[in-house]
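Numbering of residues begins at 1 and proceeds along the displayed sequence.
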Amino acid sequence: MTRVSFEGQVAVVTGAARGVGELLARKLSARGATVALVGLEPDALEKVARRLHGDSGHWYADVTDHEAMTRVAHEVEERFGKVDIVVANAGVATGGPFVDSDPVVWRRVIEVNLIGSAVTARAFLPVLMESRGYLLQIASLAAITPAPMMTAYCASKAGVEAYAHSLRAEVGYRGVRIGVGYLSWTDTGMVRGADQDDVIRELRQRLPWPADKTYPLGPAVDRLVAGIERRSSHVYGQWWLRGMQGVRGYLPGIVGTVGQREMRRFGTRLEGIRSGLVGAGGTADEEARATHRS
């Protein structure tokens, strides 16, 4: 498959303050790309920007805010002259039983992960059409298989996968390539935040191999970079995720049966699970919304 050099390319990465977004920005920059960082933490984004090679910039914006993201798209194009790559990476998560979940937090996961991705694409597609560029939507193993205690996250990631596949059919003839990136449990603040709850950590450790482990961030992001370089339709952060596509039709039935057994096993321990957003990114989102409300 043809590889596209990153030299002279302009890449936008949302959720770039830490984790996948930060490391991806650093690796793209090291390969010659000019990188625009987008997120909710100006100080953290500035620190990331200072570590990048060559020209870069950072923008404060909530990906669910259409006006803000449209402004960012215009300012990035004005500053750098074009946009070649957009990575819709911003995401949040919560865990716990749906029946006990905070409806506001549950909705926020859908808003950031799904609506935020659509807002990002809507803002940047006009400039991507001009450059015949590439949009990579970061999804998850959660898009392929359902999981108990993760209703909002699974729904949002299944949604972005379907949305991206639909969008590919709409904009492909305009020269824009659309990719979906899949990651299993990867060593990020989000996963570490989820693991702070004993029940969720134990449930995850009881998953069948190879989904029962946390994978290092570096190799997963290297795979994303290679997928962007090839403008791939599907990018897999862990080698075995490709094989999950062939069996995904069987997974809801299996998870439904095994999941019931596990829920019964944990019993009353399920009642003490924190219902807020997990990890430092979740904290940043909650703080940004609190500031906006005040």
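At least one side-chain heavy atom of Thr70 sits under 4.5 Å from a side-chain heavy atom of His74. Contact annotation: the side chain of Ile85 never approaches that of Leu136 to less than 4.5 Å [non-hydrogen atoms, C-beta and beyond]. Side-chain contact between Arg223 and Leu241: absent, with no pair of heavy atoms (C-beta onward) separated by less than 4.5 Å. For the pair Phe124 and Glu77, the minimum side-chain heavy-atom distance is 4.5 Å or more. Looking at Val171 and Leu128, their side chains never come closer than 4.5 Å, going by heavy atoms from C-beta outward. Within the 4.5 Å cutoff, the side chain of Met263 has heavy atoms near those of the Pro148 side chain.
In this structure, Asp198 does not pair ionically with Arg269, as no charged nitrogen and carboxylate oxygen lie closer than 4.0 Å. With respect to Asp195 and Arg192, no salt bridge is recorded, no charged nitrogen being found less than 4.0 Å from a carboxylate O.
Under the 4.5 Å side-chain contact rule for hydrophobic residues, Val48 and Val221 share a cluster. With hydrophobic clusters built from ILVMFWY side chains whose heavy atoms lie under 4.5 angstrom apart, Leu217 shares a cluster with Val13. There is a path of hydrophobic side-chain contacts, each under 4.5 Å, that joins Val176 to Val86. No path of Ile, Leu, Val, Met, Phe, Trp and Tyr side chains, each step under 4.5 Å between heavy atoms, connects Leu141 with Leu203, placing them in separate hydrophobic clusters. Cluster annotation: Tyr163 and Met129 are assigned to the same hydrophobic cluster (Ile/Leu/Val/Met/Phe/Trp/Tyr, side-chain heavy-atom contacts under 4.5 Å, transitive).
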Practice task
Before giving the answer on side chain to side chain contact (heavy atoms under 4.5 Å, CB included), spell out for Val20 and Leu183 the whole-Å C-alpha distance, their side-chain angles and the decisive distance to 0.1 Å.
Solution key: CA-CA 10 Å; Val20 171; Leu183 294 168; 4.0 Å; yes
Exercise for the section: Verify side chain to side chain contact (heavy atoms under 4.5 Å, CB included) between Leu28 and Phe6, making sure each step is shown before the conclusion. Expected result: CA-CA 7 Å; Leu28 291 175; Phe6 292 123; 3.7 Å; yes
Problem - Stepwise salt bridge (Lys or Arg N to Asp or Glu O under 4.0 Å) check, Lys47 with Asp43 - result: CA-CA 6 Å; Lys47 289 179 181 178; Asp43 293 342; over 6 Å; no
Handout entry: Test log, rule salt bridge (Lys or Arg N to Asp or Glu O under 4.0 Å), inputs Lys157 and Glu161
Key = CA-CA 6 Å; Lys157 291 303 185 179; Glu161 180 193 43; over 6 Å; no
Problem - Candidate pair Glu286 and Val92, rule side chain to side chain contact (heavy atoms under 4.5 Å, CB included), full reasoning - result: CA-CA 10 Å; Glu286 291 173 338; Val92 294; over 6 Å; no
Exercise for the section: Could you go through the salt bridge (Lys or Arg N to Asp or Glu O under 4.0 Å) check for Asp102 and Arg108 one step at a time? Expected result: CA-CA 10 Å; Asp102 181 330; Arg108 183 61 181 170; over 6 Å; no
Problem - Evaluation steps, side chain to side chain contact (heavy atoms under 4.5 Å, CB included), between Trp59 and Arg71 - result: CA-CA 10 Å; Trp59 279 262; Arg71 171 184 53 79; 4.3 Å; yes
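Nearest heavy-atom pair across Ala93 and Met190 is CB-SD, 3.7 Å. Residue Ala61 comes nearest to Val38 through the heavy atom pair CB-CG1, 4.1 Å, listed as atom of the first residue, atom of the second, then distance. Looking at every heavy atom in both residues, Asp197 comes nearest to Ile200 through OD1-N, 3.1 Å. Residues Val180 and Ala139 share a closest heavy-atom pair of CG1-CB, 3.7 Å. Nearest approach of Ser56 to Arg79, heavy atoms of both residues: O-NH2, 2.7 Å. Of all the heavy atoms in Leu37 and Ala16, the pair that sits closest is CD2-CB, 3.7 Å.
A distance-only check finds no donor-acceptor pair linking the side chain of Thr34 to the backbone of Val10 [under 3.5 Å]. Side chain of Asp84 to main chain of Gly133: no donor-acceptor pair is present (N/O by atom type, distance under 3.5 Å, no hydrogens or angles). Between the side chain of Thr283 and the main chain of Gly279, a donor-acceptor pair closer than 3.5 Å is present. Side chain of Thr14 to backbone of Ala90: a donor-acceptor contact under 3.5 angstrom is found. Remark: the backbone N or O of Arg177 is not paired with any side-chain donor or acceptor of Arg231 at under 3.5 angstrom.
Scored by the side-chain hydrogen bond (donor to acceptor under 3.5 Å, both in side chains) test, Ser156 finds Asn113 as partners (sequence neighbours excluded). Qualifying side-chain hydrogen bond (donor to acceptor under 3.5 Å, both in side chains) partners for Thr214, counting only residues two or more places apart in sequence or in other chains: Arg204.
Ring planes of Phe98 and Trp106: perpendicular class, angle over 60° (limits at 30 and 60°).
Between the side chains of His165 and Arg168, a donor-acceptor pair is found at a separation under 3.5 Å.
Within the structure, the side chain to side chain donor-acceptor pair (under 3.5 Å) test picks out the following pairs touching residues 124-137 (sequence neighbours left out): Ser117-Gln137.
Remark: Arg107 CZ is loosely packed, at most 12 non-hydrogen atoms of other residues, nucleotides or ligands lying under 6.0 Å away. By the neighbour-count criterion of 12 heavy atoms within 6.0 Å, atom CZ of Arg242 is sparsely surrounded, having that number or fewer from other residues, nucleotides or ligands. The number of heavy-atom neighbours closer than 6.0 Å to CZ of Arg51, taken from other residues, nucleotides and ligands shown, is 12 or below. The environment of Arg122 atom CZ is sparse: at most 12 non-hydrogen atoms of other residues, nucleotides or ligands sit within 6.0 angstrom.
Residue Tyr215 forms a side-chain hydrogen bond (donor to acceptor under 3.5 Å, both in side chains) with just one option from Trp239, Trp240, Trp185, and that option is Trp240.
Taken from CE in Met150 to OG in Ser140, the straight-line distance is 6.0 Å, to the nearest 0.5 Å.
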